[in-house]
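Down below is the structure, laid out as structure tokens.
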2 protein chains.
Amino acid sequence: MTRTHPTIAEVARRAGVSPATVSRVLNGTARVSQEKVRAVLRAIEELGYTPSPLAQSLAKGRSYAVGILLPDFGSPFYGPILEAITLELEPTPFRPIAVPGHWSLVRELEALDFLKGHRVEAIVLLGTSLEASALEPLGVPILAFGQRLLGPRTWSLVLNNREAAYRATRYLLEKGHRHIAHISSHRGGMDVRERLLGYRKAMREMGLAPRVVYGNLQEDGGYEAARELLARFPDTTAIFAANDQTAIGARLYLFERGLAVPEDLSLVGFDDIPLAAYQVPPLTTVRQPAREVGRALAQALKDLLQGETPSLSPIPLQLVERGSVKEVRA
Amino acid sequence: MTRTHPTIAEVARRAGVSPATVSRVLNGTARVSQEKVRAVLRAIEELGYTPSPLAQSLAKGRSYAVGILLPDFGSPFYGPILEAITLELEPTPFRPIAVPGHWSLVRELEALDFLKGHRVEAIVLLGTSLEASALEPLGVPILAFGQRLLGPRTWSLVLNNREAAYRATRYLLEKGHRHIAHISSHRGGMDVRERLLGYRKAMREMGLAPRVVYGNLQEDGGYEAARELLARFPDTTAIFAANDQTAIGARLYLFERGLAVPEDLSLVGFDDIPLAAYQVPPLTTVRQPAREVGRALAQALKDLLQGETPSLSPIPLQLVERGSVKEVRA
DNA sequence: GACCATCTTGCAAGCGCTTTCATACCCTGC
DNA sequence: GCAGGGTATGAAAGCGCTTGCAAGATGGTC
């Protein structure tokens, strides 16, 4: 603390009242006479006083903090969700404290420790690979997005990824494609595996052989996966990628190979990150609406912190048709 | 605090020592006999004890927290910088606490208050429009990126945007372009204005009339700006955008208009966000390396917090040539 | 064996705030 | 004029931790 902040005692002295009274006007926890209220307010103003949340938390016995664990602040998918949650939490007394797990389990566990230390009253898990066993000892309610976690005081917001992936694949099938590949990943969580399952189901139903390669859910992985894909299955006419970053990476490889999208190959992504609509051609993808996900998560958080059971109605996943898919004749 | 955490007193009781001793082994602030160390460690282990940073901060009189103010967690430019700073700070005892200003001055001021309340020991400003006058009363050292701030205990990391913009424009000129437009913004900070100045200078030197339109530094603004641009200056052959998001937005408009990049129009961005290299064609842009910026900022932070004057050597801005610019004959 | 230096340890105060409890005060009603 | 019931306020304890201070223990020296 560079320059020492004024304390409640100083405010009290200046206003000619006791610290207790200052606290009461600050929190509105008891009636205080008009004149003292005024005196206190003036003293606060003059001193530029800001109460210390640290001390408040300690005294009140609660932190009003909620932890949000996400893979990476730079993620085009999780970043906007974090932003949305933060925005929704603004009008509440609760403050998010966001920590990145940097895509590593160790870091995620460290982050958890950190949050535990800070006595967060709940934790939101975005795209982590944590297991229930690591969470239970925290003794804090958990809200997970994208993975199904079971345990006491644990809730999950999981959207129907399998169904959405199934529909996305069906969509390609209906457009006449038969040689459809999927770029999945070993790195992702349950949602990524579900997408693979949905793809498989659609292919199986048509008696088609699935073609699956794996990336890292990042652009470079998508690029490499596309290379592998075309080497192994040169007659592929459509690619369904497990996320938009992968699709965008794949698209660059196609471009470099001189393959046009959608004329030579059709492409479908997943997530609908902000930049998806601005790709050339605009990327057809399954939309996971960050804003709504953030809202739902924040709402569940509020319920949770008021001791209620959170209502987590799943958000429908919509395929948004843009320009990266072409109809082909059989 | 859902389930009450064990306190230092419980650990002490269990280990058969005083709380002071536990504190000493925790902090290594004094010698403690081997056997007691072991007893304490065991007790900590058994109880699953984690010290409360809140209480520690209060008692120590310092928070070990640094505030990081950025416009938006979802920003493809600032997100990665935040990530980089966080990563660099990991091995230090300092913890970043990031708050978004949501592109609004009021919010930024609120965020500042929040940070002040939390007794952060320093504040990093990323892309804000705050003025020195709002910062001074905080009494905390400030580190600004992208804007030059003067004041006591205030430092700025400002890269030579004007020069880089000048060179980017020169680059286009050397490629034979003469009808070069710039998409700027009223919304940005000093760096955006500097880019405009650099562009102007290059154009003036060649006796060319500048063509400037304005966006909001987001994709949609770039799209709209491109529309306006082509309406007002149909013979434009190259666009230099104030940032990559703008360039990407503009590019979509060109695409919809049936204009090819770079065949019909060349495009240059600024920032080199992660997705820039994956655009089609890959976007030629001025690189502001997030990783290095983060590192420099974190290093300055460490210096600062150790009472030293931070050394902020500017990072060179490089034009990275990719595929969105074509040479034209005069 | 007395004395002193050194090391380990506990006591207690204090960090900035909240909150319980008790006190002092004022008003009402008889 | 006094008992009774509110109401506004302050004193003080306590939240979980650190740290200055002093006491006790240990060992070495003359």
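Proteins get letters first, then strands, A, B, ... in listed order; numbering begins at 1 in each.
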query = Within the pair B/Ser18 and C/dG10, is there a side-chain N or O less than 4.0 Å away from OP1 or OP2?
reply = yes
inquiry  = Can you tell me whether the side chain of A/Arg24 and the base of D/dG10 have a donor-acceptor pair closer than 3.5 Å?
reply    = yes
note = To the nearest angstrom, the CZ-P distance between A/Arg119 and C/dC17 comes to 20 Å
note = Rounding to 0.5 Å, atoms CG (A/Leu69) and CD1 (A/Ile123) come to a distance of 7.5 Å
task = Examine C/dT18: is either OP1 or OP2 under 4.0 Å from a nitrogen or oxygen in the side chain of A/Thr29? Give yes or no.
result = no
task = Tell me what A/Val22 touches on the nucleic acid: a base, only sugar-phosphate, or nothing, going by heavy atoms under 4.0 Å.
result = nothing
query = Would B/His102 and B/Glu108 satisfy side-chain hydrogen bond (donor to acceptor under 3.5 Å, both in side chains), going step by step from the backbone distance to the final call?
reply = CA-CA 8 Å; B/His102 306 303; B/Glu108 287 175 2; over 6 Å; no
inquiry  = Please determine whether a side-chain nitrogen or oxygen atom of B/Arg31 lies at a distance below 4.0 Å from atom OP1 or OP2 of C/dT8.
reply    = yes
message = I'd like to know whether B/Gln147 forms a side-chain hydrogen bond (donor to acceptor under 3.5 Å, both in side chains) with B/Ser156, so could you lay out the CA-CA distance, the side-chain angles of the two residues, the decisive distance to 0.1 Å, and finally the verdict.
response = CA-CA 7 Å; B/Gln147 60 180 323; B/Ser156 304; over 6 Å; no
note = Between NZ of A/Lys60 and P of C/dC15 the distance, given in whole Å, is 20 Å
query = Which one, D/dG16, C/dC11, D/dG10, comes nearest to the side chain of B/Ala55?
reply = D/dG16
remark   = Rounding to 0.5 Å, atoms CZ (A/Phe145) and CD1 (A/Ile315) come to a distance of 7.0 Å
inquiry  = I want to verify a distance call: between D/dG10, C/dG10, C/dG16, whose nearest atom is closest to the B/Lys36 side chain?
reply    = C/dG10
query = Where the side chain of B/Val32 is defined as all heavy atoms beyond and including C-beta, which of C/dT19, C/dT9, C/dG10 is the nearest nucleotide?
reply = C/dT9
remark   = By nearest-nucleotide position on DNA chain C, the 5'-leaning member of B/Ala59 and B/Glu35 is B/Glu35
key: Whole-Å gap separating C1' (D/dC17) and CZ (B/Arg62)   = 16 Å
task = Figure out the NE2/P separation between B/His118 and C/dC15, and round it to whole Å.
result = 21 Å
message = Output the rounded distance in Å from CG (B/Asn27) to P (D/dC17).
response = 11 Å
ask   = Roughly how many Å is it from CD1 in A/Ile44 to P in C/dG16, rounded to a whole number?
value = 16 Å
key: side-chain N/O A/Thr21 vs D/dG10 OP1/OP2, d < 4.0 Å   = yes
query = Distance check: side-chain N/O of A/Thr7 vs OP1/OP2 of C/dG16, anything under 4.0 Å?
reply = no
key: Nucleotide C/dC11, atom C1' - distance to CZ of B/Arg13 in whole Å   = 16 Å
request  = Please determine if a side-chain N or O atom of A/Gln56 lies less than 4.0 Å away from the OP1 or OP2 oxygen of C/dT18.
outcome  = yes
inquiry  = For a quick test of reading the model, state the closest non-hydrogen atom pair linking A/Leu305 to A/Ala122 and the distance between them.
reply    = CD2-CB, 4.1 Å
query = What is the distance from CG of B/Leu54 to C1' of D/dC15, rounded to the nearest Å?
reply = 10 Å
task = Look at all strands and tell whether A/Ser23 reaches a base, only sugar-phosphate, or nothing, counting heavy atoms closer than 4.0 Å.
result = base
